[in-house]
Amino acid sequence: MRRALALAERGRGRVEPNPMVGALLVKDGKVVAEGWHGAFGAPHAEIEAIRTAGEAARGAMLVVSLEPCAHQGKTPPCAGALVQAGVSSVVAAHLDPDPRVSGRGVALLRRTGIDVRMGVCGEEARELNAPYLKRIETGRPWWIAKWALSRDGAIASRGGRPLSITGAAAKREAHALRGRSDAVVVGIGTVLADDPLLTCRESERLRVARRVVLDGKARTPPGGRLLRSVSEGPVWIVTGPEALEGRKTLLRAAGAVVVEQPGAGRRGWDDLGARLAAEGCTNILVEGGGSVLRDLFEHGAADEAHLFLSTSVVGGKDPLPGPWGTDVTAGGVRLRGVRISRLDDDLWIRGRVEARRASASASAAHPS
Ligand SMILES: NC(=O)c1ccc[n+]([C@@H]2O[C@H](COP(=O)([O-])OP(=O)(O)OC[C@H]3O[C@@H](n4cnc5c(N)ncnc54)[C@H](OP(=O)(O)O)[C@@H]3O)[C@@H](O)[C@H]2O)c1
């Protein structure tokens with residue numbers, strides 16, 4: 001099963017909104033074929049394995065990281081194909097909570113006499129597909145917070161020119177994160193300060209994310225780089241009740257999708273998340289600035305965090321602090337499963353966000 005999970009991982013960033021899935025066919029104690037879901041719309045892992053195995057699939061055991069599907073989607077149902085291929089038993093990590101599957105795949109297999117065993121490496125498999133499972137089970141996407149912080153605790157110089165805090169290697173990783181995301185979110189403060197494009201440019205471009213600006217008063221410049229590049233991918237401007245109709249009309253004329261959202265705080269994240277998830281968005285990258293990130297964490301919405309910690313100094317008078325200044329453990333945020341890599345002169349610290357809205361003293365007692 002661990003091999004199946006490693007194969008599943010190959011689909012990361014390519015299969016969404018589907019889950020990542022890997023599979024093996026085993027016969028007489030030997031692996032006769034491997035398969036994985038390689039891209040959205042491409043054959044599922046089980047089908048790839050059956051195709052590779054050919055006649056050897058007959059009488060083999062399938063080891064698969066998710067319950068085989070039983071419905072016609074972009075591709076035909078896998079459970080039926082397994083029956084046809086003559087597979088004798090199936091070992092799967094967990095049920096697929098997608099209501100179109102959810103136990104139906106297992107039931108179909110068992111009805112035809114195939115021996116099915118569930119729950120092998122279930123926890124690991126659920127961890128691998130946590131963003132997919134969250135979207136299917138709650139109707140909300142997986143929020144990924146990302147920011148770059150200088151050695152003096154700044155995310156930018158105040159009122160100054162846009163500046164690069166990290167080096168080229170960190171930038172490549174940040175762009176790769178965009179390339180794997182279904183939407184990239186920033187606040188209007190960032191748009192006005194940096195005139196960003198928010199596209200994935202410095203690494204393999206897996207898909208074009210929706211670019212989303214949180215802009216209560218519809219102040220996004222219609223002639224800025226975001227809307228001038230609308231042909232590259234959709235731009236959503238999320239406005240509040242205070243946005244003037246005239247501004248919204250200008251933005252629509254420039255090609256923006258104007259989203260009218262009355263809710264703020266946790267409700268705001270939930271409403272936006274529900275809209276994005278309904279469009280099949282699973283991974284949402286929130287890039288800042290400081291106010292938006294702080295709000296995301298304060299309302300317990302963040303699921304995963306990526307901090308690029310630079311050895312460079314922003315300096316100057318009164319640089320703009322990150323979500324919590326220099327203290328990455330303040331704000332009640334603790335990470336679990338933390339991984340730290342060195343990227344030239346920068347550190348890349350990432351993990352799952354664990355404690356949501358814990359008190360500052362609790363976080364000081366358990367630094368991450
Ligand atoms: N180092 C980094 O990783 C990084 C990344 C991004 C940006 N930056 C820097 O950050 C600076 C901008 O940061 P900032 O804090 O001034 O602005 P920001 O976070 O980009 O935008 C804040 C504004 O967004 C609107 N907004 C809408 N919904 C919000 C919500 N849920 N939470 C918070 N704000 C919301 C508010 O304006 P309305 O009331 O008008 O809606 C608010 O004033 C820029 O200088 C940029 O260069 C750095």
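Because the structure is a prediction, the values reported are computed rather than measured. Atoms within a ligand are numbered from 1 in the order they appear, just like the ligands themselves.
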Under 4.0 Å from any heavy atom of [X], which atoms of ligand 1 are there?
| X | value |
| --- | --- |
| Asp215 | 41 (O) |
| Ile165 | 1 (N) |
| Trp147 | 3 (O) |
| Gly290 | 13 (O), 15 (O), 19 (O) |

Q) Can a donor-acceptor pair be found between the side chains of Thr199 and Arg201 at a distance below 3.5 Å? A) yes

Q.
Using a 6.0 Å cut-off, check whether atom CZ of Arg2 has over 12 heavy atoms from anything other than its own residue.
A. no

Q. So does Glu260 have more than 12 non-hydrogen atoms from other groups sitting under 6.0 Å from CD?
A. yes

Q: Can you see which heavy atom on Pro68 is nearest to which on Val90, and at what distance?
A: CG-CG1, 4.5 Å

Q. Where the closest heavy atom to atom 24 (O) of ligand 1 is concerned, which of Leu272, Ile188, Val185 has it?
A. Ile188

Heavy atom under 4.0 Å from ligand 1: found in [X]'s side chain, backbone, both, or neither?
| X | answer |
| --- | --- |
| Asp295 | side chain |
| Val238 | neither |
| Arg219 | side chain |
| Leu320 | side chain |
| Ala156 | side chain |
| Ala193 | side chain |
| Asp194 | side chain |

Q: May I ask you to identify the nearest protein heavy atom to atom 6 (C) of ligand 1, giving residue, atom name and distance to one decimal place in Å?
A: Glu287 O, 3.1 Å

Q. Any idea which protein heavy atom is nearest atom 28 (N) of ligand 1, and the distance to it?
A. Leu214 CB, 3.5 Å

Q. Parallel, tilted or perpendicular for His44 and His37, by the 30°/60° rule?
A. perpendicular

Q) Taking Thr112 for the side chain and Val83 for the main chain, is one N or O donor matched with an acceptor at less than 3.5 Å? A) no

